[in-house]
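Below, read A as the first sequence line, B as the second, and so on, with proteins coming before strands; counting in each chain starts at 1. Note that the structure is a prediction, hence the values are computed from the model and not measured.
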Protein chains: 2
Amino acid sequence: MASDHSLNMLVRRLDSIATLSDAERQAIESLPARTRVLKPGQDIVRDGDQPSQCCLLLSGWACRYKVVGEGKRQILSFHIPGDIPDLQSLHLHTMDHSLGTLTEATVAFIPHESLRELTVRSPGVGAVLWRETLVDAATFREWMTGMGRRSAYERIAHLFCELYLKLEAVELAGEHRCPWPLTQVDLGDATGLSNVHVNRTLQEMRGQGLITLRGCTLVIQAWDELIRASEFDPTYLHLEKRAT
Amino acid sequence: MASDHSLNMLVRRLDSIATLSDAERQAIESLPARTRVLKPGQDIVRDGDQPSQCCLLLSGWACRYKVVGEGKRQILSFHIPGDIPDLQSLHLHTMDHSLGTLTEATVAFIPHESLRELTVRSPGVGAVLWRETLVDAATFREWMTGMGRRSAYERIAHLFCELYLKLEAVELAGEHRCPWPLTQVDLGDATGLSNVHVNRTLQEMRGQGLITLRGCTLVIQAWDELIRASEFDPTYLHLEKRAT
DNA sequence: CGAATCCTTGACACTCTTCAAACTGTGTGG
DNA sequence: CCACACAGTTTGAAGAGTGTCAAGGATTCG
């Protein structure tokens, strides 16, 4: 069925949230999946589409976004390996936004039908998947709060904290250092700022010795300070492991 | 069990999304529920709480919000009768925001335990509830986009369109006229603006003959114009009825 | 009738945007 | 190995949009 063990990634992810039984593990691993490699900047699903499959990100980064007016883009979320960025399409049949890659990426497509069967047969897995979409929503709330009530500096600092912790949770970061494939334009589109202002804000942050951002690596030099500056509270990421 | 027929509201709501079987209807109506009447401005759950029940709004308005810094408030969503504003607490055990009333309100509390049982025994109902939380998330995405990339005028106009349609869907509005219990401070906290700027923007909208907003009633005098000005596209509300 | 709440107004400050240009780094083909 | 192109970053100057503060006016309700 699944090429190699692409679905193993999903098992590990869900198991890190709520312990899976062997049967559940089995059920997930035997989902059908088609794997593909995509180039950077490629759309996976588009606003208005009615997809019949979900996409599990195996490697690389992706983002969801909307376009308003004449070309203004708002990035809604960033996604890293282990995420299913369009899981909501399982129950919302028309896409209200687009999903695209930011880097070269490997994705596995899983038919809606198989996922729906899975959630009915294994309500425990269903609950964990539902939970994933709820964490997603919690992140939207946090970003909203930032765009409504935080300064540019705070918003960017907050995003650094968030992404670092998410990467660390899947062992793609550590020691306050993580891969950073985002351009300043991406950062601006995610925080609701112009790229120019992002640039100036980053310089300020560097000036205060909080971060280093060169090439494709972010180094957080003063984690505590970054947390304080952005009033970051990781509760909304709901990273702790729970029993079902 | 349920006092009177408070749960009938939930049946009607879910049935308007996906047709329920008699058994499902039955299962919902026999959920245990405690009904209470709350005063305006009262908190129902608070940031940091670990609730063991969800709250079905029977009458009145509520909102979810976060507080940042020294008292700055961001409203995350508005809720009207038929909504379960804290449904996410079913799977996210710690609240990352608060929920409070805006007007006098009647709510029915339903234990998590009973809801979890229901979703396992009736996967169809589970799917519809999951879907409700996904529509919620879709609305967060739309608000984010507004705060990141739309002007004050567009944001407020957009909100008018959204709330009017949501109220109309539960027959609390019609003929481009609806109840409007929100103050200009509330409106500002929802759109990420100051109350002063909300005031000036509303005057501009009135000046252009788009709306009337007096007492506790909003009248939309130029619906098409309002839609156009805010680039409103109702897709994200996912209001169409679907089969399960 | 008074008190509270909400709305409105003015003046001013500031964050952030826009536009346009120059600069840097990196990969590619000759 | 250099020249070039391209994508991304940096800089400056000017201005729009929105926030803040503070005070006065209008409603509503008991």
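The two atoms that bring B:L56 and B:S6 nearest to each other are CD2-O, 3.9 Å, heavy atoms only. The two residues B:D86 and B:C55 have their closest heavy-atom pair at OD1-N, 2.9 Å. A pairwise comparison of heavy atoms in A:S89 and A:C54 identifies OG-SG, 3.8 Å as the closest pair.
A salt bridge does not link A:D83 to A:K166: none of the charged nitrogens lies less than 4.0 Å from a carboxylate oxygen. A salt bridge links A:D189 to B:R149: one of the charged nitrogens lies within less than 4.0 Å of a carboxylate oxygen. Look at A:D96 and B:R141 and you find a salt bridge, because one of the NZ, NE, NH1 or NH2 atoms lies within 4.0 Å of a carboxylate O, short of that distance. The pair B:D186-B:R73 counts as a salt bridge, with a side-chain nitrogen and a carboxylate oxygen less than 4.0 angstrom apart. Taking the charged nitrogens against the carboxylate oxygens, A:R150 and A:E142 do have a contact shorter than 4.0 Å, which makes a salt bridge.
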Could you pull out the protein-nucleic contacts involving nucleotides 28-30 of chain D (nitrogen or oxygen on both sides, under 3.5 Å)?
none

Enumerate the protein-to-nucleotides 8-10 of chain D contacts in which both atoms are nitrogen or oxygen and the separation is below 3.5 Å.
from, atom 1, to, atom 2, distance (Å)
D:dT9, OP2, A:Q184, N, 2.8
D:dT10, OP1, A:R206, NH2, 3.4
D:dT10, OP2, A:Q184, NE2, 2.7
D:dT10, OP2, A:N199, ND2, 2.6
D:dT10, OP2, A:R206, NH2, 3.3
D:dT10, O5', A:N199, ND2, 3.2

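Within 6.0 Å of atom CZ in A:R46, 12 or fewer heavy atoms from other residues, nucleotides or ligands are found, so the atom counts as exposed in its surroundings.
When the C1' atoms of four end pairs are superposed on the next four at each end of the helix from C:dT8-D:dA23 to C:dG30-D:dC1, using five pairs per end, the two resulting axes differ in direction by 40°, to 10°.
With sequence neighbours left out, B:Y164 forms a ring pair (Phe, Tyr, Trp, His ring centres under 6.0 Å) with B:H176, B:W223. Remark: A:H158 engages A:F232, A:Y236 in a ring pair (Phe, Tyr, Trp, His ring centres under 6.0 Å) (not counting sequence neighbours).
Here D:dA14 presents its P atom at 19 Å from NE2 of A:H197, a figure rounded to the nearest Å.
When DNA chain C is scanned in the 5' to 3' direction for atoms under 4.0 Å from non-hydrogen atoms of chain B, the outermost contacting nucleotides are C:dC6 to C:dA11.
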* To do: List the steps, then state whether side-chain hydrogen bond (donor to acceptor under 3.5 Å, both in side chains) holds for B:S151 with B:E154.
  => CA-CA 5 Å; B:S151 69; B:E154 293 167 325; 3.2 Å; yes
* For B:V107 and B:F109, what are the C-alpha separation, side-chain angles and deciding distance, and is it a side chain to side chain contact (heavy atoms under 4.5 Å, CB included)? -> CA-CA 7 Å; B:V107 300; B:F109 290 105; 3.7 Å; yes
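Nucleic acid contact class of A:G192 (heavy atoms, under 4.0 Å, all strands): sugar-phosphate only.
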